[in-house]
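Note: hydrogens, waters and symmetry copies are ignored here, and every other heavy atom, side chains too, is used. The chain is numbered in sequence order, starting from 1. We count ligands from 1, going down the list as the structure has it; atoms in each ligand are counted the same way.
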Amino acid sequence: MSKDIAEKIRSLREQIRKHDYLYYVQNSPQISDKKYDELMSELKELESQNPHLITPDSATQRVSGKPIEGFKQVRHSVAMLSIDNTYNADELRKFDERIAKGLGNKKYSYAVELKIDGLAISLRYEKGLLVSGATRGDGTRGDDVTNNIRTIKAIPLSLAGDAPDVLEVRGEVYMPKKAFEQLNEEREQQGQLVFANPRNAAAGSLKLLDAKITAQRKLSFFAYSLGQTSETFAKSHLECLEKFKKLGLPVNPNIKKAADIDEAIKICDKWEKKRYELGYQIDGMVIKLDQLEERDILGATGRAPRWCISYKFAAEQAQTKVLSIDVQVGKTGNLTPVANLEPVQLAGTTVKRASLHNFDEIDRLDVRQGDTVIIEKAGEIIPQVVEVKKELRPKGAKPFARPTKCPVCGAKAQKDEDGVYIRCINSSCPAQLKEKLRYFAGRGQMDIENLGPAVIEQLVDGKIVKDFGDLYSLDTETLAGLERMAEKSAKNIIDGIDKSKTQSLDRLIAALGIRGIGVQNAEILAGQFGSIEKIKKATVEELSDIEQIGPVLAQSIYEYFHDSNNLKIIDKLITAGVNPKQKQIKKSSELAGKTFVVTGTLENFKRSEIEQLIKQHGGKTSSSVSKKTDFVVAGENAGSKLDKALQLQVNVINEKEFLKMLHTDRH
Ligand code: IVH
């Protein structure tokens, strides 16, 4: 029996560790917070009954999460704790009973706040100046993301008025819903993966090694607690927030005082209904004891303080019917099942369709046409089917049959190597072609103005364009012959197509839609080979030797350029004059495996350009100097990083010396 318990505890710890990693490190959770909390409480319960089985590495004994590699680590002077979750009013009342018991007959009240769905950040101000910003990490050590933090406009770089010498402000970095939707739209157009929800988007954006990209991401911030301070800052939480506001820090306007737990519960109920009216996502409420001195009496357990609790909203669900299951064809032929639903209101929008992801997922759910299903918005954004009400299934509903043929062109559909996707193998399938053209003309690729989906649809259906090479032999007359097309618009499209002939090589490579080759890999290939002709001749070995490419992508590139259809299209492009060249980068062995930190203003490069070059030559870049840094490239006005390099005796080189190392000059 006790062996069984030990095994159960071990298995729970392992599951929690895995989900911690997925959530904190990968930013891609696979289970709901509720499920995670259930695992944690089961573990806590078993450990409290069997204290001899508690080990220091159990998830109950620490704050979970691991810092991401690539940023300097900073130790939090005051640990950044987590918050215990509750899911109903009863649990909130139990929390209040514990507080009342802990405080004896002392009077107390609560502050009730929105639980912003972003990521926790600690900002350190010294003498009123922002000196560092760090993620929560594992609670004691986080990533130094100062450069990225400094790009967030809501965060003041210096405080207004009198601030203590040391003031650590904690709060949530988040991405407003509008910015999130815009970002995903752009990513989709550029063929990049979309973020599942604003929290992932905020976390991803803050952990970019290139702060310039972070700066474009429209992140924002709300301050909600204190870290280290050089003097007593406030007696109550609400007073602390008022002081934050006076110092110019953003504080959420919806924070309310509650005299007792009943009032707090009322506020939670109100926001559970109103949450979709906000311009940012919240996933619950946080109830905090307002009196700071009393908080000390209550203290904390390993993971979370006893004076604070969160009330998590249930994911909003809706019941509806599956009218039909469609199969969509993507640009590389992937077939994706989509459920067409009886329209239903969910989390602020009308939902008519839900992704079923892939055919394994259909089997897992056993969803059939006519089924009544429960849908939920993952992170409130993308609707998905979470449950099938089998008891309501109409008689005779048949299981969904996996397609053996492409639903559009009728060609054979084949299982992908990884076994999850089924693909249409006909490279001239019209559905694939439409997607390919849309992508080819997209903003991040050839950027052909006015060549929108409706025109593409007509060009493909009318068999006027059979591949994107054909775009370059279109004329105004042919286009003007299409329905709803005036001569002026036809001319604009032709102008757009002409203009695209001068796009750079990397954009052209990205536009080809080679499997696995997005904008970044296209840049690398352009730099390595310099022209389409040279990539065409590359062997699998040559391709997989490129550090960021590797064997799988190498194979995909090689196959693309050895497919006779693709070669015909490329010939058409070249004949039409779409044949950009780029200065080829001679690979310098001097950079391979070395870590570089670039600081100050450079004469010939933007920061992102030099970092790209370093990577193309097999080197690594980092944002902070440590003993592991091999070279610091210092430009004009290099500051603290240069000091640190000198102090650690790291090699400091200037731009000229760097260019020498590359054996290549830009001029
Ligand atoms: S207070 C010890 N207040 O929720 C408590 N946290 O699940 C310190 N969060 O890591 C945090 N909104 O990222 C606090 N109004 C709010 C919050 C909030 C969101 C996040 C924060 C924290 C997580 C815990």
Side-chain angles (χ1 to χ4, degrees), residues 19-20 23-24 27 29 32-34 36-37 40 59 62-65 67 76-87 95 99 110-123 133-140 142-143 145 149 154 168-176 197-200 202-203 206-207 219-228 236-238 240-241 244-245 249-258 264 267-268 271 275 278 280-290 292 295-296 298-313 379:
H19 292 297
D20 275 348
Y23 187 93
Y24 289 104
N27 291 317
S32 64
D33 288 4
K34 185 160 186 226
Y36 177 92
D37 291 334
M40 188 61 100
R62 67 175 182 120
V63 196
S64 37
H76 298 303
S77 38
V78 177
M80 289 181 80
L81 298 180
S82 178
I83 311 180
D84 281 334
N85 292 327
T86 62
Y87 296 90
F95 159 76
I99 298 267
Y110 293 114
V112 184
E113 305 184 355
L114 307 182
K115 189 166 189 300
I116 317 290
D117 205 7
L119 76 159
I121 285 292
S122 184
L123 306 174
T135 63
R136 176 164 168 262
D138 68 1
T140 41
D143 292 322
V145 286
I149 283 293
E168 276 184 10
V169 177
R170 279 148 187 200
E172 200 84 350
V173 166
Y174 67 95
M175 186 178 284
N197 54 47
R199 190 185 66 77
N200 285 9
L206 205 61
K207 289 182 178 172
L219 295 171
S220 199
F221 177 77
F222 285 128
Y224 53 57
S225 74
L226 275 178
Q228 191 191 20
S236 78
H237 180 63
L238 291 169
C240 165
L241 297 179
F244 279 174
K245 280 194 232 171
L249 290 157
V251 173
N252 188 281
N254 302 307
I255 297 173
K256 284 263 165 349
K257 183 183 169 117
I267 301 173
C268 293
W271 281 109
R275 62 172 145 154
L278 295 162
Y280 43 87
Q281 192 167 304
I282 61 172
D283 62 338
M285 303 292 291
V286 185
I287 300 169
K288 300 172 178 175
L289 180 69
D290 191 29
L292 298 185
R295 287 184 180 182
D296 292 341
L298 296 164
T301 63
R303 279 168 52 86
R306 293 197 182 86
W307 45 261
C308 175
I309 199 91
S310 87
Y311 167 71
K312 296 283 280 248
F313 297 145

Test ring-ring contact (aromatic ring centres under 6.0 Å, His included) applied to Phe222 - qualifying residues, sequence neighbours left out: Tyr174, Tyr280
Short N/O distance, under 3.5 Å, between Leu114 and ligand 1? yes
Quick one: nearest non-hydrogen protein atom to atom 8 (C) of ligand 1, plus distance? Leu81 O, 4.3 Å
Shortest protein heavy-atom distance from atom 12 (N) of ligand 1, along with the residue and atom involved: Ile116 N, 3.0 Å
Ranked by distance from atom 3 (N) of ligand 1, the top protein heavy atom is Lys288 NZ, 2.9 Å
Return the closest protein heavy atom for atom 24 (C) of ligand 1 as residue, atom name and distance. Ile83 CG1, 3.6 Å
Are Asn85 and Tyr311 linked by a side-chain donor-acceptor pair shorter than 3.5 Å? no
Using a 4.0 Å cut-off to any heavy atom of Pro305, which atoms of ligand 1 qualify? 2 (C)
Can you list the residues that meet the salt bridge (charged side-chain N to carboxylate O under 4.0 Å, His left out) rule with Lys257, with sequence neighbours excluded? none
Note the single closest protein heavy atom to atom 9 (N) of ligand 1, along with its residue, its atom name and the distance in Å. Glu172 OE1, 3.5 Å
Rounded distance [0.5 Å steps], NZ in Lys312 versus CD1 in Ile282: 12.0 Å
Nearest heavy atom to atom 22 (C) of ligand 1: which of Tyr174, Tyr224, Phe222 does it belong to? Tyr224
Measuring from atom CG of Leu298 to atom SG of Cys308, what distance do you get when rounded to the nearest 0.5 angstrom? 11.5 Å
Is there a donor-acceptor pair closer than 3.5 Å between any side-chain N or O of Thr135 and the backbone N or O of Gly142? no
Without hydrogens or angle criteria, can the side chains of Tyr224 and Glu113 be said to hold a donor-acceptor pair below 3.5 Å? no
Ignoring angles and geometry beyond distance, decide whether Trp307 reaches within less than 3.5 Å of ligand 1 through its nitrogen or oxygen atoms. no
Of all the atoms in ligand 1, which lie at a distance below 4.0 Å from a heavy atom belonging to Glu113? 3 (N), 15 (N), 16 (C)
For the pair Glu168 and Arg170, find out whether any cationic side-chain nitrogen is under 4.0 Å from an anionic carboxylate oxygen. yes
Considering heavy atoms of the protein only, find what lies nearest to atom 10 (O) of ligand 1 and give residue, atom and distance to 0.1 Å. Ala120 CB, 3.8 Å
Taking both backbone and side-chain atoms of Arg136, is any N or O found less than 3.5 Å from an N or O belonging to ligand 1? no
In terms of residue, atom name and distance, what is the protein heavy atom nearest to atom 23 (C) of ligand 1? Lys115 NZ, 3.9 Å
Spacing of Leu206 atom CG and Ile121 atom CD1 [to the nearest 0.5 Å]: 4.5 Å
